[in-house]
Protein chains: 2
Amino acid sequence: METTRHFIESLSRGMNLLSTLSESFQPLSLTELARQLSLSKSTVQRLTYTLLRLGYLDRDKETKKFHLGQRAMVLGLSIVRHSDLRKVAFPHLEKTSKEIGETVNLAILDGTEIVYVERIKTQQILNINLEVGSRLPAYCTSMGKALLAFLPEKQLGELFRKMTFKPYTSNTLLSKEALKRELEEVRRRGFATNNEELSNGLRSVAAPVRDASGKVIAAVNIAVPSSRVQLKRLETVLARKALETADRISFTLGYRKEAS
Amino acid sequence: METTRHFIESLSRGMNLLSTLSESFQPLSLTELARQLSLSKSTVQRLTYTLLRLGYLDRDKETKKFHLGQRAMVLGLSIVRHSDLRKVAFPHLEKTSKEIGETVNLAILDGTEIVYVERIKTQQILNINLEVGSRLPAYCTSMGKALLAFLPEKQLGELFRKMTFKPYTSNTLLSKEALKRELEEVRRRGFATNNEELSNGLRSVAAPVRDASGKVIAAVNIAVPSSRVQLKRLETVLARKALETADRISFTLGYRKEAS
DNA sequence: TATCAAGTATCGCATAGCGATAAAAGTATG
DNA sequence: CATACTTTTATCGCTATGCGATACTTGATA
């Protein structure tokens, strides 16, 4: 198959534009979009014209900046609603949260970041504000590490090339070598921890969720305030809970351990 | 401006395909997509190839059917997360739900249907299963009627042409004439009711939410079991609550009544 | 085994989409 | 208010991109 003649460049560009705007915290101008997408202004003009016409974008009359339109909202809601992963995982997450009385999360990997798919929050106050759709760096989050650990070597190598390490706390891993060792530990134990690496006062433990083919597609974690949960309890009791939850979800998704 | 030369047909087709699949309850084959989209198989082959390559679609190895991919999930989550309407409305919905102890919803109009944007559910059991992203016909729902009532004549006329009326209950409105009279009543009173028109045992009252320009962009409703709430209470006490909630959201979105 | 349908692959073609550019509009400054 | 600069809007020649028709392969069924 002549693959280059099957790839529609203009569709790809349109999707990139929509994705860029969906991750932007403020409306963007035509010139800024052209800059971020490395496209000519006239190309972006046509892309935005098309998406405006279709209702995926809207435009502020005064500032001329673009933001997402109603059809994008409808699309986003439909996508999230029909997500099998989220539907399957929700009852399991809820069960675990009720059993242990802690916040339980589900996330997927996008590039070098995790994206939160679902959150079951307890009433405890945590000191970072997260919601469904929030993104965090993978390297200093338990779910991120659980996802990175089971990537194919080649893909992991590519992501390493893109990673920049930032010292959030004195515990944050700051080099590829340190992260590699950590990921080996994750593979050995089957779960990943975050010991105040993203934020002081926050610990978590995560386990990988597998689909029917055995591929790790998501991660579940249990997040706790450090003041209440010691690292030892995290790595034993709560790790077991995270693993059980991930296994239940994986089973519902069709994963069978014997088959791998 | 030469608008036809600015509209990118292939981008439009790709968005339509993605939208179709996001609203489908099961995976779709290449042939079925071509049928639904009225495109040639080879065009759909290229569209799907592109979206597969970008990660927006995935494909089952055995059935060859397409379903949404991980990047679609990321996109959907980002869109929903950054929705101003939802962020603005949530605290107001929550406040009202706490005050009256009933289920409160927010929805937008897409074609002849409403799409649920947010739901604050109480513990009471209701006999239809709805979630964020769910769609219902506009003509027999209070939020649908609140949205239809304030559409421009031309747009409303176009939607009337697309509507098919189905007798969900003995109360369901079954003709354009009846719906037109109902929408006049909505405009007169400023709110819309659903008196067991969609489902026996269910009543609701809805009020329109306006953006800064005064355009009705969403609707809020309060949904109750018929057994507990008489129509008279719905049209007085709860209608006032719905209107107040909608007004608070509208105000936060920048709508100023004096300006219109 | 023959038939039919779905999926995959090819290719000629013309117009769809591109980018360079010009014109218009908006903003900032002295 | 004039000028300079930036952004947005509009135009147009050009070519390669995307199209659809079609052929080929694969899979299912009677």
Side-chain angles (χ1 to χ4, degrees), chain A residues 1-21 24-69 71 212-213, chain B residues 1-21 24-69 71 212-213:
Chain A
M1 163 154 93
E2 184 82 69
T3 58
T4 53
R5 293 189 63 168
H6 276 63
F7 191 79
I8 304 177
E9 192 65 47
S10 50
L11 173 56
S12 173
R13 287 171 164 183
M15 295 308 306
N16 285 344
L17 188 148
L18 196 54
S19 179
T20 294
L21 211 37
S24 168
F25 284 94
Q26 49 256 334
L28 298 174
S29 68
L30 187 139
T31 306
E32 182 59 29
L33 280 168
R35 194 191 64 77
Q36 287 195 28
L37 297 167
S38 304
L39 295 174
S40 73
K41 279 190 286 184
S42 46
T43 294
V44 173
Q45 185 183 0
R46 279 191 306 278
L47 293 173
T48 54
Y49 176 77
T50 302
L51 292 171
L52 267 170
R53 270 270 305 272
L54 294 172
Y56 290 100
L57 299 189
D58 248 333
R59 198 168 198 189
D60 188 279
K61 281 192 181 63
E62 315 220 329
T63 64
K64 293 298 172 84
K65 293 189 178 188
F66 296 99
H67 57 269
L68 297 176
R71 265 229 56 87
S213 70
Chain B
M1 158 154 99
E2 184 81 67
T3 57
T4 53
R5 292 188 64 166
H6 276 65
F7 191 78
I8 305 180
E9 192 65 47
S10 50
L11 173 56
S12 173
R13 287 172 165 184
M15 295 307 305
N16 285 343
L17 188 148
L18 196 54
S19 178
T20 294
L21 211 37
S24 168
F25 284 93
Q26 49 259 331
L28 296 175
S29 67
L30 186 139
T31 306
E32 181 59 29
L33 280 168
R35 193 190 65 78
Q36 288 196 26
L37 298 167
S38 303
L39 295 173
S40 72
K41 274 195 292 184
S42 47
T43 293
V44 173
Q45 186 184 1
R46 278 191 307 278
L47 293 171
T48 54
Y49 174 77
T50 303
L51 292 170
L52 267 169
R53 271 269 305 272
L54 295 173
Y56 289 101
L57 298 189
D58 248 334
R59 199 169 198 189
D60 188 278
K61 280 193 181 59
E62 315 219 328
T63 64
K64 293 297 174 83
K65 295 193 176 186
F66 296 100
H67 57 271
L68 297 176
R71 264 227 59 85
S213 71

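Because the structure is predicted, anything quoted here is derived from the model rather than measured.
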> What's the CG-C1' distance between L33(B) and dG7(C), to the nearest Å?
Replying inline: 13 Å
>> Taking atom types as they are modelled, would you say the side chain of R13(B) forms a donor-acceptor pair with the base of dG17(C) within the 3.5 Å cutoff?
In response: no
>> Rounding to an integer number of Å, can you tell me how far Q45(A) CD sits from dC12(D) P?
In response: 14 Å
> Can you tell me how far P of dT10(C) sits from NZ of K41(B), to the nearest Å?
Replying inline: 16 Å
> To the nearest angstrom, how far is H6(B) atom NE2 from dT15(C) atom C1'?
Replying inline: 16 Å
> Rounded to whole angstrom units, what separation is found between the CD atom of E32(B) and the P atom of dG7(C)?
Replying inline: 10 Å
> If we ignore angles and hydrogens, is there a donor and acceptor under 3.5 Å between the side chains of S19(B) and R71(A)?
Replying inline: yes
> Does some side-chain heavy atom of T50(B) sit less than 4.5 Å from a side-chain heavy atom of L57(B)?
Replying inline: no
> What is the distance, rounded to the nearest whole Å, between atom CG of L17(A) and atom P of dG17(C)?
Replying inline: 16 Å
> E9(B) CD to dC18(C) P: how many Å, rounded?
Replying inline: 13 Å
> Want to settle it: does S10(A) or F66(A) sit nearer the 5' end of DNA chain D, counting the closest nucleotide to each?
Replying inline: F66(A)
> Can you find a heavy atom in the side chain of L51(A) that is under 4.5 Å from one in the side chain of I8(B)?
Replying inline: no
>> Quick check: on DNA chain C, is the nucleotide nearest T31(B) upstream (toward 5') of the one nearest L47(A), or the reverse? Name the residue that is more 5'.
In response: T31(B)
> If you pin S40(A) and K64(A) to their nearest nucleotides in DNA chain C, which one's is more 5'?
Replying inline: S40(A)
>> Please report the distance, rounded to the nearest Å, between CD1 in I8(B) and P in dA16(C).
In response: 12 Å
> Okay, side chain of R46(B), backbone of H6(A): is any donor-acceptor separation there less than 3.5 Å?
Replying inline: no
> According to a strict under-4.0 Å criterion, is R59(A) in side-chain N/O contact with OP1 or OP2 of dT9(D)?
Replying inline: yes
> So which heavy atom on L21(A) is nearest to which on F66(A), and how close?
Replying inline: CD1-O, 3.7 Å
>> Looking at the base of dA21(D), is there any donor atom on it, or on the side chain of S42(B), that sits under 3.5 Å from an acceptor on the other one?
In response: yes
> According to a strict under-4.0 Å criterion, is R46(B) in side-chain N/O contact with OP1 or OP2 of dC19(D)?
Replying inline: yes
